[in-house]
Amino acid sequence: GDSVTQTEGLVTVTEGLPVKLNCTYQTTYLTIAFFWYVQYLNEAPQVLLKSSTDNKRTEHQGFHATLHKSSSSFHLQKSSAQLSDSALYYCALSASNVGDNSKLIWGLGTSLVVNP
Amino acid sequence: NAGVIQTPRHKVTGKGQEATLWCEPISGHSAVFWYRQTIVQGLEFLTYFRNQAPIDDSGMPKERFSAQMPNQSHSTLKIQSTQPQDSAVYLCASSLARNTGQLYFGEGSKLTVL
């Protein structure tokens with residue numbers, strides 16, 4: 001079936017060091033778009049990045065991700081983590097086929113903690 | 001522009017009582033979604049409306065959960081005979097169209113069932 005798999009659980013990184021959150025997917029749908037959502041403590045999830053173009057780097061707020069259909073991945077990276085990046089991160093796949101309703105498939109979320 | 005508004009932000013009920021959660025989507029958004037969020041399960045899809053019509057309720061526990069959208073500015077999620085395992089944050093989201101994947105979430109209603 002269709003699924004999104006993220007780095008599980010908790011990722012801890014020291015401020016200033018690079019961070020990478022993994023996201024891989026499995027789908028039979030033809031048209032796909034990817035999203036990284038971020039949820040800060042006591043706030044609503046919000047879109048951080050989105051992409052539907054293979055091998056094109058997308059950037060926002062210092063984070064970047066590249067959709068690689070060849071490896072079914074959309075990993076989230078940042079070269080220098082900040083304390084304010086501590087949050088819950090969700091990878092999500094929006095998939096659709098011709099004539100079908102599309103669907104949004106979520107990973108389980110990865111909690112990122114950035115330590116001083 | 002106001003975002004998605006959810007009320008109440010916190011609700012505590014006793015086991016067996018009813019809980020009703022409200023959502024006001026962003027004006028002009030045609031799709032409304034309800035999700036349940038827990039630490040263990042992450043984001044669980046419950047149900048989805050498009051132009052007020054129920055489209056997909058495949059995530060709804062059939063016996064005690066129901067959702068309605070009586071007008072374009074208002075949706076409700078009702079849980080009858082609440083159980084401790086219903087304790088979660090219930091998130092409402094809206095979007096311009098079903099297949100963008102870009103949802104705008106409210107801050108959620110935290111339900112605690114004692």
Side-chain angles (χ1 to χ4, degrees), chain A residues 1-10 21 23 25 27 29-53 58 60 65 67 74 87-111 113, chain B residues 1-10 21 23-26 29-51 53-60 88-110 112:
Chain A
D2 304 299
S3 64
V4 171
T5 303
Q6 291 184 235
T7 302
E8 289 187 8
L10 175 67
L21 305 183
C23 175
Y25 66 92
T27 183
Y29 279 62
L30 298 176
T31 303
I32 59 174
F34 268 92
F35 297 80
W36 275 101
Y37 280 79
V38 60
Q39 184 178 21
Y40 301 104
L41 188 63
N42 297 324
E43 294 187 15
Q46 57 186 294
V47 172
L48 175 63
L49 288 174
K50 58 182 178 181
S51 177
S52 58
T53 305
T58 300
H60 186 60
L67 176 60
F74 190 57
L88 181 59
Y89 291 81
Y90 286 102
C91 183
L93 158 67
S94 176
S96 62
N97 280 339
V98 175
D100 283 351
N101 275 326
S102 65
K103 60 180 184 179
L104 192 57
I105 305 160
W106 297 84
L108 289 179
T110 303
S111 184
V113 173
Chain B
N1 267 342
V4 175
I5 299 171
Q6 290 190 247
T7 55
R9 292 295 312 280
H10 302 274
L21 309 177
C23 172
E24 180 180 333
I26 294 172
H29 282 193
S30 58
V32 172
F33 304 78
W34 283 96
Y35 283 85
R36 178 168 61 185
Q37 184 179 36
T38 62
I39 293 175
V40 174
Q41 298 292 333
L43 279 172
E44 294 179 271
F45 169 78
L46 294 176
T47 189
Y48 149 62
F49 296 85
R50 185 173 63 218
N51 295 321
I55 301 298
D56 181 356
D57 67 353
S58 58
M60 293 277 275
V89 175
Y90 290 84
L91 290 165
C92 177
S94 67
S95 74
L96 283 169
R98 175 66 172 96
N99 58 357
T100 66
Q102 182 148 0
L103 305 186
Y104 296 82
F105 284 89
E107 293 184 324
S109 294
K110 184 176 181 179
T112 302

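In what follows, chains are A, B, ... by sequence order, proteins preceding strands, each numbered from 1. What you see is a predicted model, and the numbers here were worked out from it, not measured in a lab.
B:Gly106 and A:Ala44 get closest at one heavy-atom pair: O-CB, 3.0 Å.
Side chain of A:Tyr37 to main chain of B:Leu103: a donor-acceptor pair is present (N/O by atom type, distance under 3.5 Å, no hydrogens or angles).
For chain A, the nearby part of B:Leu91 is the side chain; its heavy atoms alone come within less than 4.5 Å. Neither the backbone nor the side chain of B:Tyr104 comes within contact range of chain A; no heavy atoms are under 4.5 Å apart. For A:Phe34, no part sits under 4.5 Å from any heavy atom of chain B, backbone or side chain. Heavy-atom distances place no part of A:Leu93 under 4.5 Å from chain B, backbone and side chain included.
Between atom CG of residue A:Leu88 and atom CG of residue B:Leu43 there is a gap of 7.5 Å, rounded to the nearest 0.5 Å. Separating the NZ atom in B:Lys110 from the CG atom in A:Asn42 is a distance of 8.5 Å, to the nearest 0.5 Å. The OG1 atom of B:Thr38 lies 9.5 Å from the CG atom of A:Leu108; values are rounded to the nearest 0.5 Å.
The shortest distance between side-chain heavy atoms of A:Leu104 and B:Tyr35 falls below 4.5 Å.
Between chain A and the residues B:Gln37, B:Glu44, B:Glu107, the largest count of heavy-atom pairs under 4.5 Å involves B:Gln37.
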